[in-house]
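One structure is given here, and the rest of the page talks about it.
All ligand and atom numbering here is 1-based and tracks the order in the structure. Quick note: numbers below take in every heavy atom, side chains included, and nothing from hydrogens, waters or symmetry partners. Positions are given from 1, in the same order as the sequence printed here.
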Amino acid sequence: MKYIDEFRDGDLARQIGARIAAEAHPDRSYSFMEFCGGHTHAISRYGVLELLPPNVRMIHGPGCPVCVLPIGRIDLAIRLALERGAIVCTYGDTMRVPASDSLSLIKAKARGGDIRMVYSAADAMAIARANPQREVVFFAIGFETTTPPTALAIRDAAREGLSNFSVLCCHVLTPSAITHILESPEVRQLGTVPIDGFIGPAHVSIVIGSAPYDHFAEEYRKPVVIAGFEPLDVMQAILMLVRQVNEGRAHVENEFTRAVTPEGNLKAQALVSEVFELRPSFEWRGLGEVPYSALKIRETFAAFDAERRFDLSYTPVADNKACECGAILRGVKKPTDCKIFGTVCTPENPVGSCMVSSEGACAAHYTYGRFRDIPIVPAAATEEVTP
Ligand code: SF4
């Protein structure tokens with residue numbers, strides 16, 4: 001197949017769905033986690049669940065970059081803008097994630113903070129060049145996909161001597177999060193989140209390759225199928241997982257061969273390891289502190305590290321009590337389990353991070369789900385729940 005619409009062919013999707021239904025044993029259930037928010041979005045948008053038999057269940061994972069960003073990290077960025085006078089640059093979705101004191105970056109901008117939406121770290125560098133008298137901080141978030149461009153910006157800034165540019169680094173790592181989920185009580189002891197296999201991320205795997213997932217197949221006996229983001233990719237990956245489970249196999253298979261290799265992008269990996277090193281621990285929204293799950297800027301590039309430059313210290317902040325994002329990101333609950341889903345909490349008025357980005361489980365369910373019969377609560381009621 002050459003063109004994108006071929007990967008969205010409804011007839012083919014139904015044929016794969018029929019194959020899944022034929023091969024899934026009716027006397028057992030299959031639970032697969034799609035780690036990545038891109039897959040969550042595709043599953044909701046294209047109605048993939050409706051093509052699956054009832055005994056094949058998909059569980060949303062924590063692979064949505066803005067969803068896992070804890071409130072305390074957004075607070076740091078807001079304080080840089082409001083209290084330290086820095087120009088803070090970040091990606092669009094990050095601007096709307098709820099933070100402390102009923103703020104978000106976009107609300108902090110309305111209070112006078114110089115906060116700008118950018119499409120890349122290179123855009124933030126351009127702003128730094130254009131404003132040599134101001135401190136410019138790039139609030140860098142995301143998984144392994146967005147890390148190499150941040151590394152490149154830091155290395156280029158060092159070469160160029162761009163002394164008013166720095167990065168608030170919140171880049172996180174996929175394999176550590178999968179390990180954390182597999183080691184969680186819900187999966188390991190309680191069995192409340194049965195996981196028979198994973199759909200592995202698409203874009204992340206282009207960078208890191210398929211090899212890092214071998215550990216999950218070998219040590220945890222969980223099959224992994226790396227899949228592209230189109231609906232046929234996802235359907236095919238589910239079929240491949242069903243077959244592995246039926247055959248008692250636990251291997252890493254690559255459905256996304258048009259872009260992913262076993263070794264990944266070695267140049268990007270070398271660049272990332274030149275600029276970043278592992279953090280001993282990092283707080284994820286929903287998962288708590290996860291060891292060796294994020295990156296920090298190496299000492300060699302300390303001048304471009306906003307945490308060192310502004311002497312920032314991290315303070316954890318609890319999520320809104322009404323919000324179930326934490327449980328959703330661990331696969332323990334579904335968006336519709338949240339009492340304020342689609343009523344108080346909507347994409348226009350997100351109470352939690354999972355309702356912000358189109359990759360967030362709550363936003364995907366709200367946008368593409370069948371929830372139009374949920375009564376809309378009066379505006380006054382929305383004021384009772386604030387982060
Ligand atoms: S619906 Fe809103 S408040 Fe509820 S879990 Fe999702 S993001 Fe959090």
Side-chain angles (χ1 to χ4, degrees), residues 33-45 49 57-75 78 90-107 141-142 170 172 177 181 184 186 192-193 283-288 316-387:
M33 175 176 275
E34 89 274 4
F35 178 85
C36 186
H39 288 133
T40 302
H41 180 250
I43 287 168
S44 300
R45 178 174 179 182
L49 296 183
R57 177 186 166 215
M58 301 305 297
I59 302 168
H60 307 310
C64 155
V66 299
C67 302
V68 296
L69 196 59
I71 289 174
R73 293 275 160 197
I74 306 161
D75 288 351
I78 289 174
T90 195
Y91 299 122
D93 280 346
T94 318
M95 305 273 287
R96 299 196 310 118
V97 183
S100 296
D101 304 324
S102 302
L103 276 178
S104 61
L105 282 160
I106 204 157
K107 287 178 183 167
I141 72 149
C170 296
V172 288
I181 288 166
S184 69
E186 290 95 349
T192 44
V193 181
E283 188 194 358
W284 293 52
R285 199 182 286 226
L287 305 187
V317 179
D319 285 331
N320 187 308
K321 283 198 204 85
C323 178
E324 299 281 10
C325 275
I328 292 168
L329 290 165
R330 295 195 308 278
V332 176
K333 291 192 175 178
K334 303 188 297 295
T336 44
D337 292 332
C338 175
K339 288 192 178 71
I340 57 174
F341 171 85
T343 53
V344 176
C345 184
T346 62
E348 292 73 35
N349 176 40
V351 174
S353 59
C354 299
M355 194 56 100
V356 173
S357 157
S358 62
E359 293 189 1
C362 296
H365 275 250
Y366 183 87
T367 307
Y368 302 112
R370 312 273 189 269
F371 307 108
R372 305 297 170 231
D373 53 340
I374 292 177
I376 304 299
V377 294
T382 67
E383 287 159 16
E384 290 167 14
V385 182
T386 50

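Among Cys64, Cys170, Ser353, the single residue meeting the side-chain contact (heavy atoms from CB on, under 4.5 Å) criterion with Leu69 is Cys170.
A donor-acceptor distance shorter than 3.5 angstrom exists from the side chain of Asp337 to the backbone of Lys334, with no hydrogens or angles considered. Between the side chain of Asp93 and the backbone N or O of Ser357, no donor-acceptor pair lies under 3.5 Å.
Within the coordination shell of atom 6 (Fe) of ligand 1, defined by N, O or S atoms under 2.8 Å, Cys362 is present. At a cut-off of 2.8 Å, Cys323 is counted among the residues with an N, O or S atom near atom 8 (Fe) of ligand 1.
Near Ile328, meaning under 4.0 Å from any of its heavy atoms, are these atoms of ligand 1: 5 (S). Atom numbering of ligand 1 starts at 1 in the shown order; those under 4.0 Å from a heavy atom of Ile340 are 3 (S).
Side-chain contact check for Glu359 versus Thr40: every heavy-atom pair is 4.5 Å or farther apart. Side-chain atoms of Arg330 and Ser184, non-hydrogen and from C-beta on, never get closer than 4.5 Å to each other. Counting heavy atoms from C-beta outward, His60 and Cys354 have side chains that stay 4.5 Å or more apart.
Of the protein's non-hydrogen atoms, Phe341 CA, 3.6 Å is the one closest to atom 1 (S) of ligand 1. The closest protein non-hydrogen atom to atom 2 (Fe) of ligand 1 is Cys345 SG, 2.3 Å. Nearest protein heavy-atom contact of atom 5 (S) of ligand 1 is Glu324 N, 3.2 Å. For atom 4 (Fe) of ligand 1, the nearest protein heavy atom (residue, atom name, distance) is Cys338 SG, 2.3 Å.
Ligand 1 lies within reach of Cys325, whose nearest heavy atom is under 4.0 Å from it.
Residue-level proximity to ligand 1 for Asn320 is absent, since no heavy atom of it falls below 4.0 angstrom.
Atoms CH2 and CG, from Trp284 and Leu329 in turn, are 9.5 Å apart once rounded to the nearest 0.5 Å.
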